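We're numbering straight along the sequence, starting at 1. Read the numbers this way: they start at 1 and go in the same order the structure lists the ligands and their atoms. Hydrogens, waters and symmetry mates play no part in the numbers below; they use all other heavy atoms, side chains included. Owing to the predicted nature of the structure, the values given are computational and were not obtained by experimental measurement.
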Amino acid sequence: MTDNEEEGNTKIKNIKVFVRILPSVNTRESCVKIQPERNIIYVKCLQDAKFHKDSKVKDQTYWRFPTDGIFYNSFQEDVYQGVTKDFLKNVLDGVDGVIMTYGQTATGKSFTISGLRSNWENRGLLARLLADLFIEKKCRKHISDIEYQLSFIELRGNNVKDLLTPQNGNTSHTPKLDSFKNITSVPLRNEEDTLKIIFEGEAHRTIIKGSSYPNSHLGTAIITFHISSTSLIKSWAVVTASKIHIVDMAGVDTIGKPNCFKTAFDVGNANLAKTQLEQFFVYLGTSENISTTAVVRTSNVLKYLGNALGVTSIIRCIAHIRASREDLDITLSMLRFSNKIAKLQPLKVTYNIVPQASLIIQRLQDKVNLLKNELDINDIFFHKEALMNMSKARVEQIKQDGINFLNGTLPDLMLLSISQAQVLLRAFKELYTKTNLEKIEAVKNAEMLAASKKDSTQHLDISSSLRISKMGSSKNVSSSQSNKFRRDIERLHSKKSAASMEKVKEKVGDLRKSSITLGPGLPDSAEGDAIKAMKITRHTKLSDGLAYPDSAIADEINSLVSEVPTHEEAYYRFINKIEEAARLNKELQKNDEYLDAQRKTLTEAIESYTQIKLKLELTRNELTKEQNLRHLQGNEKYDTEGRILISQMEKNILQTVMNLENNLKSAQAEFIDVKSNIKNILNNRSEIQHQLETAFEKFCVTTYSQPIPKTNTTPQTLESEINENNSSECMKIKFNQLQQTMKHIIKVYIYQFTVLIKDTFRYRLFIAK
Ligand SMILES: Nc1ncnc2c1ncn2[C@@H]1O[C@H](COP(=O)(O)OP(=O)(O)OP(=O)(O)O)[C@@H](O)[C@H]1O
């Protein structure tokens with residue numbers, strides 16, 4: 001026969017029930033049998049026992065009670081080990097724990113829990129747990145900062161006695177939400193001090209005078225360890241807050257029995273407390289969702305234990321019984337009570353984990369400041385318009401604006417960012433190179449023209465001068481502008497009288513005053529003026545207000561006839577006429593080609609570095625997520641040397657991180673290589689340039705009897721080279737890093753919030769239940 005058909009739910013062992021039988025000298029009177037495995041206890045059927053009191057009944061009927069362990073003639077250490085297996089680890093990880101002893105008066109409840117009045121070997125599980133708490137604290141000191149506090153109270157009816165400050169007397173208050181608000185809570189420094197505190201508290205408990213043994217307690221004692229564990233692992237910035245309640249229930253009894261020394265009031269209170277507790281567990285285990293609130297309101301024990309006494313906590317109950325016939329009814333009552341607890345459907349334990357607010361806020365604040373600084377720099381350099389994001393149309397627009405500005409049609413040029421300035425400078429550089437080439441071509445053509453002029457002594461007419469202008473600057477001059485130029489010249493001619501025109505026809509093309517006439521010859525006096533007017537066309541504005549690039553044509557012609565050529569002209573001749581110069585120039589060109597190739601490699605190296613870095617960041621995030629999950633699930637396992645065992649997936653991610661770190665190192669090495677190559681190329685370049693310049697100076701002095709002023713160019717250095725190539729890339733890397741960091745922070749935030757919400761939700765469900 002069984003008290004319940006199903007055995008107690010022992011699948012998920014966060015709730016366990018044990019039985020401790022008081023050793024007895026008279027074993028013949030025993031009404032209980034236990035299985036050799038010590039997990040099922042059989043109690044003689046009460047009716048049978050009474051009915052066949054004097055007769056010898058062979059086939060006795062027994063009540064069967066499955067348990068998680070039966071202690072009979074067991075050592076205190078065995079009881080401690082059996083009851084607290086898996087207890088401490090979970091509690092220190094944030095799960096609330098309750099160890100509760102209940103039973104008849106003088107069955108050994110206090111002996112099991114405190115054993116303080118016995119010798120050291122018989123010390124109870126409280127002293128043993130205390131020792132382990134401090135051992136664990138020491139073991140975990142590198143990963144957690146653990147703090148303990150202790151409260152010790154006695155509940156007797158409605159009275160609550162703070163055993164650590166008994167001078168305050170008994171209070172008769174009703175505990176509210178935070179039931180420990182008015183209760184003394186002492187920080188614990190070490191095992192020795194704590195034992196002292198517990199002894200003092202124990203000494204203040206209310207005992208019965210005149211009992212058969214020295215310390216029969218009247219009330220229920222609750223010893224509470226408040227545990228807070230602050231994680232020292234950076235990626236796991238949380239605080240776990242849990243409690244261990246050790247409850248020594250007041251002994252139940254039957255008034256009028258010879259060994260009951262308690263008053264009716266105290267027996268009534270003790271029995272009531274046990275009944276309320278039983279009712280609570282019945283409601284908790286019922287499938288009809290009956291609220292436990294009503295019963296909690298009536299019991300101080302339940303109020304103080306609060307949420308800790310629930311199916312998501314770790315509960316260890318030890319029923320204390322006597323095996324003697326006269327105590328059979330109370331024994332059965334205790335075992336039935338235990339059976340109700342054993343039948344509870346335990347849920348997965350709840351970890352009281354809260355993000356370590358101040359630490360997280362501090363860390364996030366630091367990150368935010370860092371990001372702010374980075375964004376400020378980013379703003380300065382990019383002005384929210386990264387080069388890579390600039391559209392083609394925008395680039396063309398900037399170029400066109402630049403040309404319009406140079407032409408004077410655009411009064412101001414507004415640049416909004418460094419990227420725009422870069423585009424503009426590049427456009428100017430292209431323009432300059434193009435103009436330079438055209439200028440050199442024009443000089444070449446002019447030279448040819450001058451040579452042919454000398455040979456044939458033929459005069460230039462207006463059409464040949466226009467041809468020069470076309471060759472020299474036609475690419476910069478629009479056809480309408482050329483036509484205008486032609487019209488201007490015609491206008492000049494139209495000022496002359498027809499008669500004088502006839503006269504000067506013979507003089508067309510005469511070389512006058514170190515210059516050339518443009519078109520048909522003019523009378524001496526007028527001719528000079530006309531040439532002067534043409535020569536000052538540079539930067540002069542005509543009636544329509546536009547600056548005409550035609551003026552450049554006049555300059556070309558001026559330079560042609562002048563004794564001293566421009567730097568470009570002279571350099572062009574130098575390269576063409578001096579063999580060594582041609583060789584050096586070729587070498588310079590080769591060097592520049594190699595430089596271009598290395599620049600390309602540098603850009604690629606930076607790109608590859610960026611990509612690896614990004615991938616590494618993402619994988620690291622993934623790894624952190626995996627590690628956090630492992631922590632949260634709380635199923636961490638260790639090998640024999642105490643190293644944490646990780647899943648295959650985590651191992652793979654870790655391997656990827658390590659590979660990426662190696663790749664990053666290689667990319668960095670490649671970057672350094674290319675950098676040093678570019679440095680060498682630039683050094684070589686400046687060497688060749690120096691040789692060319694020295695030779696060129698000599699050439700100028702020999703050919704033109706004077707040095708030609710140099711074009712003002714700044715030598716290119718490695719820094720400018722790297723910077724030019726690198727600045728936008730660096731900013732790109734930084735920008736990507738910022739984004740990654742932001743993403744990571746947001747991820748962590750979401751993750752922490754999810755955990756919080758989950759816990760709150762679970763808590764609410766529990767309350768609702
Ligand atoms: N397992 C045991 N082995 C030896 N002695 C025991 C054992 N259990 C209890 N005792 C002794 O029995 C007596 C009563 O024990 P204890 O005070 O622990 O009972 P209790 O259930 O706490 O009683 P009360 O409800 O009156 O406080 C004590 O003298 C104690 O030393």
Side-chain angles (χ1 to χ4, degrees), residues 18-27 30 32 34 38 41 69-83 99-128 152-157 161 163 198-199 201-223 246-255 257-275 277 301 317-324 327 330-331 333-335 337-338:
F18 302 91
V19 175
R20 189 168 196 185
I21 306 166
L22 185 75
S24 166
V25 259
N26 191 358
T27 46
S30 176
V32 300
I34 50 173
R38 294 203 169 193
I41 181 166
I70 297 161
F71 306 109
Y72 180 63
N73 284 336
S74 304
F75 292 112
Q76 291 281 71
E77 176 63 15
D78 297 337
V79 177
Y80 173 70
Q81 292 300 340
V83 171
I99 298 175
M100 188 187 277
T101 57
Y102 48 83
Q104 198 178 348
T105 308
T107 46
K109 302 180 294 296
S110 308
F111 180 77
T112 300
I113 286 194
S114 65
L116 294 178
R117 292 176 195 274
S118 307
N119 53 22
W120 175 248
E121 281 71 35
N122 279 338
R123 70 195 186 281
L125 57 81
L126 174 60
R128 291 168 200 269
F152 199 170
I153 55 166
E154 184 185 72
L155 308 173
R156 199 171 156 217
K161 189 174 177 183
L163 296 172
I198 292 172
F199 266 100
E202 178 73 21
H204 294 129
R205 282 185 75 178
T206 320
I207 52 169
I208 307 168
K209 287 173 187 122
S211 69
S212 58
Y213 56 97
N215 295 295
S216 177
H217 300 109
L218 284 178
T220 297
I222 303 178
I223 302 154
I246 299 177
V247 188
D248 181 8
M249 292 287 290
V252 296
D253 221 326
T254 313
I255 297 286
K257 273 198 170 181
N259 53 0
C260 177
F261 304 99
K262 286 182 180 173
T263 62
F265 171 79
D266 286 317
V267 171
N269 275 333
N271 293 353
L272 179 66
K274 180 244 165 192
T275 309
L277 212 56
V301 177
C317 295
I318 315 165
H320 285 74
I321 57 162
R322 281 206 200 101
S324 53
D327 299 306
I330 299 186
T331 297
S333 161
M334 285 303 137
L335 292 174
F337 173 39
S338 293

Peer 1: Is there a donor-acceptor contact under 3.5 Å linking the side chains of E154 and T206?
Peer 2: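 E154 vs T206: donor-acceptor pair found between side chains.
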Peer 1: T105 versus ligand 1: do any nitrogen or oxygen atoms come within less than 3.5 Å of each other?
Peer 2: no
Peer 1: Answer yes or no: is there a donor N or O on one side and an acceptor on the other, between the side chain of R38 and the main chain of Y72, under 3.5 Å?
Peer 2: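 Here the side-chain-to-backbone pair exists.
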Peer 1: Can you check whether C317 reaches Y102 side chain to side chain, under 4.5 Å on heavy atoms?
Peer 2: yes
Peer 1: Any N or O on P23 sitting closer than 3.5 Å to an N or O of ligand 1?
Peer 2: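 No, there is no polar N/O contact under 3.5 Å.
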Peer 1: Using a heavy-atom cut-off of under 4.0 Å, does the side chain or the backbone of R20 touch ligand 1, or both, or neither?
Peer 2: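 It is the side chain that touches ligand 1; the backbone stays farther off.
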Peer 1: Under 3.5 Å between some N or O of ligand 1 and some N or O of K262?
Peer 2: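 No; every N/O pair is 3.5 Å or more apart.
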Peer 1: Would L22 count as being in polar contact with ligand 1, using the rule that some N or O on each side must be under 3.5 angstrom apart?
Peer 2: no
Peer 1: Taking atom types as modelled, find out whether S333 and K274 have a side-chain donor-acceptor pair closer than 3.5 angstrom.
Peer 2: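 Side chains of S333 and K274: pair found under 3.5 Å.
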Peer 1: Give yes or no for whether the N/O distance cutoff of 3.5 Å, strictly under, is met between G108 and ligand 1.
Peer 2: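 There is such a contact, yes.
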Peer 1: Could you give the distance from CD (E121) to CD (E77), rounded to the nearest 0.5 Å?
Peer 2: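 Those atoms lie 11.0 Å apart.
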Peer 1: Atoms of ligand 1 less than 4.0 Å from G251 heavy atoms?
Peer 2: 25 (O)
Peer 1: If I apply the N/O under 3.5 Å rule, does S216 come out as touching ligand 1?
Peer 2: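 Such a contact does occur with ligand 1.
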Peer 1: Apply the side-chain hydrogen bond (donor to acceptor under 3.5 Å, both in side chains) test between H320 and each candidate in T105, T112, T107, T101; give the one that qualifies.
Peer 2: T112
Peer 1: Can you tell me if Q76 has a non-hydrogen atom under 4.0 Å from ligand 1?
Peer 2: no
Peer 1: Is the shortest side-chain N to carboxylate O distance from K262 to D253 below 4.0 Å?
Peer 2: no
